[in-house]
Amino acid sequence: MTEKTLRMDEVVKKRKNKKSSQAKVTGLWKIIKIAHPQFKLMMLGLLFSIVGVAFNLMTPKYSGKLINTFSGQNLKNIQLDGMLVGFVLALFVGGAIVSALGNFLTGIAGEQLVRNLRKIIWSKLIIFKTPYFDNVKSGETTSRLTNDTSQVKTLVANTLPNFLTSMISMVGAVILMFTTDWHMAIWIFIAVPITALLVTPVMIFASKVGRNTQDAMADFSGESQETLAEMRLVKSSGAEQYVLKKGTNQIQNLFKFGQREAIVDGVMGPIMTMVMMGLFALILVVGSLRVAKGESSMGTLFSFIMYLFQIMPALVSIGTFGSTFAKTQGATHRLITLLDEPVEELDKGENINVEGLTLKADHVDFEYETSKPILHGISFEAKPNTIVAFAGPSGGGKSTIFQLLERFYEPTKGVISIGTHNIENISLNSWRSQIGFVSQDSSIMAGTIRDNLTYGLESEFSDERLWEVLRLAYADKFVDKMPEKLNTQVGERGVKVSGGQRQRLAIARAFLRNPKILMLDEATASLDSESEAMVQRALEQLMKNRTTLVIAHRLSTIVDADEIYFIESGEITGSGTHQELLNSHKLYAEYVSEQFVTK
């Protein structure tokens with residue numbers, strides 16, 4: 001019974017290994033098909049490479065014949081066969097030219113493959129759903145876009161063609177050696193498997209090291225990019241030593257993998273040199289003995305030495321293929337996982353004009369993670385051209401409501417509608433184009449002020465129109481003082497402008513979008529009193545004749561709101577006007593007293 005069980009386990013393991021191997025090849029083939037490379041160009045390049053191999057295989061044979069023409073001739077009166085010399089030279093030069101052309105064509109096809117693959121991944125990345133970016137570091141994603149795609153290109157455009165041509169070269173060389181002199185060829189036939197036995201364990205070790213290095217590099221890229229993007233936080237928090245230690249540990253981890261790769265490189269070279277010199281010596285000894293006995297010729301010995309020089313690089317190339325293929329499996333798996341991520345369908349749904357329609361949430365629940373509710377039973381209504389304020393303690397879920405309205409996430413329960421339309425049935429492009437959003441830390445992209453004002457807008461805008469929206473946002477004066485006005489560079493993430501200036505630029509951008517629904521997420525929360533006053537005046541201009549949803553920060557905003565919803569612990573515990581809530585909601589009255597007494 002035990003033996004039977006063991007046999008069954010072995011069968012199951014073999015099947016699993018077979019399936020795993022098939023899955024690896026299938027994954028690579030899937031990536032190649034997705035990238036739509038120039039198969040014709042690749043096959044043509046491979047054909048040229050094979051022709052080049054054929055030329056190189058013929059060269060030793062005819063070089064041997066050329067050597068044999070010297071036999072028995074007086075060294076002072078050697079007569080060369082001009083036609084044979086020309087033919088050998090043609091094989092040498094022709095083989096080099098045809099092989100170079102083959103390498104060029106496969107290289108171009110590989111570059112086209114990686115270009116197509118990167119385009120496809122980039123086009124997917126920009127429409128990934130927001131939860132992906134919540135869970136995956138940007139540096140890790142960048143590594144997938146650059147390093148992993150390059151790894152696929154290396155395999156498909158370089159290593160794979162070299163492997164195929166090396167196999168043909170090695171097999172062809174061995175066959176020709178046997179047809180030329182099987183007595184000497186038998187020694188090569190014995191030596192090749194021995195070489196494979198020596199090299200295979202090193203290649204298996206190299207493949208594991210390669211995969212681990214790729215993963216470690218992606219982690220380091222993610223951490224370093226995140227740290228460099230938040231250097232102000234690092235410095236203000238005094239976290240230099242913490243960041244230094246963390247980065248040093250990751251660098252040390254990469255160093256460990258680098259050491260293992262150095263071991264592989266250090267061992268592989270001497271092994272191949274030892275085998276090469278051993279075979280070279282063996283062929284010389286065996287060949288010389290056969291020539292001395294008259295059983296072979298100098299030309300044959302010369303041909304064998306040339307074939308040997310073709311076989312050894314082919315063996316190295318075949319071994320390299322195994323290592324590169326193993327590395328690429330990790331890359332293809334990660335790329336397929338990336339491409340299988342759910343995406344936003346921007347054009348799916350109706351194009352609805354939301355102007356004049358009532359925005360309503362009906363018993364909406366939401367959770368970022370299963371069984372960890374953030375919002376529960378949220379219901380509210382925003383009539384056209386009214387101001388609706390959300391107030392309440394920090395962490396209550398106010399900003400999450402805005403993210404649901406922006407459709408960064410979908411409610412786990414309930415419906416958000418505009419008029420009679422569920423917003424989920426409206427195309428994302430149509431919906432988001434009619435919403436203006438100004439947050440407490442508005443994003444600014446690296447580039448000019450002009451670039452940031454028109455970011456995401458397809459229409460062309462005159463300088464007069466840009467200055468108009470800057471004036472409405474009370475931003476025209478500080479922009480006019482800048483050295484290059486609208487063409488002034490704001491730096492990465494807007495570091496060359498102040499917080500108040502950044503907010504006013506965001507408001508000017510909102511004016512330019514001319515949204516039907518305006519959402520303000522504590523847009524003045526982190527500003528000094530002077531900047532806050534200017535931004536508030538700009539916001540008041542922007543809020544005119546629009547449906548406005550605002551997370552309240554100023555007392556004046558609450559007082560002026562047509563309807564206020566008080567949110568605590570993910571639930572609406574009261575609603576009404578400011579005065580109504582003061583009279584009916586004790587916690588609201590305390591909150592207003594605590595939060596706005598200094599405003």
Side-chain angles (χ1 to χ4, degrees), residues 126 346 351-357 384-387 406 427-524 526-528 530-550 554 556-557 560:
I126 60 174
L346 299 179
N351 293 328
I352 302 295
N353 185 348
V354 303
E355 190 171 9
L357 300 180
N385 303 327
T386 60
I387 299 173
E406 281 268 41
S427 78
L428 278 168
N429 277 334
S430 173
W431 176 251
R432 288 175 181 164
S433 68
Q434 299 178 79
I435 292 178
F437 180 55
V438 181
S439 68
Q440 57 184 302
D441 186 22
S442 295
S443 299
I444 294 288
M445 304 293 286
T448 64
I449 289 175
R450 185 193 305 275
D451 295 335
N452 276 281
L453 291 176
T454 60
Y455 190 75
L457 300 174
E458 296 181 359
S459 305
E460 294 289 333
F461 296 95
S462 64
D463 284 6
E464 289 76 13
R465 176 57 180 156
L466 297 181
W467 282 109
E468 181 186 349
V469 296
L470 286 170
R471 187 173 63 257
L472 290 170
Y474 295 92
D476 56 321
K477 290 183 180 179
F478 80 79
V479 173
D480 190 52
K481 291 178 182 178
M482 289 183 167
E484 295 184 51
K485 308 288 192 292
L486 291 171
N487 295 320
T488 301
Q489 294 286 335
V490 297
E492 187 176 8
R493 304 177 72 190
V495 295
K496 293 183 180 180
V497 293
S498 69
Q501 291 172 339
R502 189 159 55 242
Q503 289 297 82
R504 279 178 276 163
L505 287 175
I507 293 166
R509 183 165 59 202
F511 269 118
L512 200 61
R513 288 177 67 88
N514 193 25
K516 313 289 175 55
I517 298 172
L518 178 64
M519 298 196 304
L520 308 174
D521 185 356
E522 297 186 317
T524 61
S526 58
L527 303 179
D528 58 74
E530 183 181 352
S531 297
E532 182 181 357
M534 297 189 73
V535 170
Q536 188 60 33
R537 287 202 300 270
L539 289 174
E540 288 167 1
Q541 289 277 353
L542 184 59
M543 290 160 67
K544 288 179 181 177
N545 302 318
R546 304 180 202 277
T547 302
T548 303
L549 306 173
V550 56
R554 292 174 55 87
S556 61
T557 305
D560 295 338

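Note: hydrogens, waters and symmetry copies are ignored here, and every other heavy atom, side chains too, is used.
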Polar side-chain atom of Thr547 near backbone of Thr386 as donor-acceptor pair, under 3.5 Å:
no
What closest approach, in Å, do Ser427 and Leu346 show between heavy atoms, and which atom pair accounts for it?
CB-O, 3.6 Å
Please round to the nearest 0.5 Å and tell me the distance separating atom CZ of Arg465 and atom CG of Leu453.
10.5 Å
When you measure from the side chain of Gln434 to the backbone N and O of Ile352, does any donor-acceptor pair fall under 3.5 Å?
yes
Could you pull out the closest heavy-atom pair between Gly436 and Pro515, with the gap in Å?
N-CB, 3.2 Å
Could you tell me the separation between the NZ atom of Lys485 and the CG atom of Asp480, rounded to the nearest 0.5 Å?
5.0 Å
Out of curiosity, Arg546 CZ to Met519 CE, how far, rounded to the nearest 0.5 Å?
14.0 Å
Approximate separation, where rounding is to 0.5 Å, of Ser433 OG and Leu428 CG
10.5 Å
May I have the step-by-step check of side chain to side chain contact (heavy atoms under 4.5 Å, CB included) for Ile435 and Arg513, ending in yes or no?
CA-CA 8 Å; Ile435 292 178; Arg513 288 177 67 88; 5.9 Å; no
Min side-chain heavy-atom separation Phe437-Leu549 under 4.5 Å
no
Heavy-atom pair with the smallest gap, counting every atom of Leu466 and Val469
O-CG2, 3.1 Å
Hey, does the side chain of Asp451 reach the backbone of Thr448 with a donor-acceptor pair shorter than 3.5 angstrom?
yes
Straight-line distance of Ile387 CD1 to Thr548 OG1, nearest 0.5 Å:
5.5 Å
Supply the atom-to-atom distance Lys481 NZ to Lys477 NZ, rounded to the nearest 0.5 angstrom.
8.0 Å
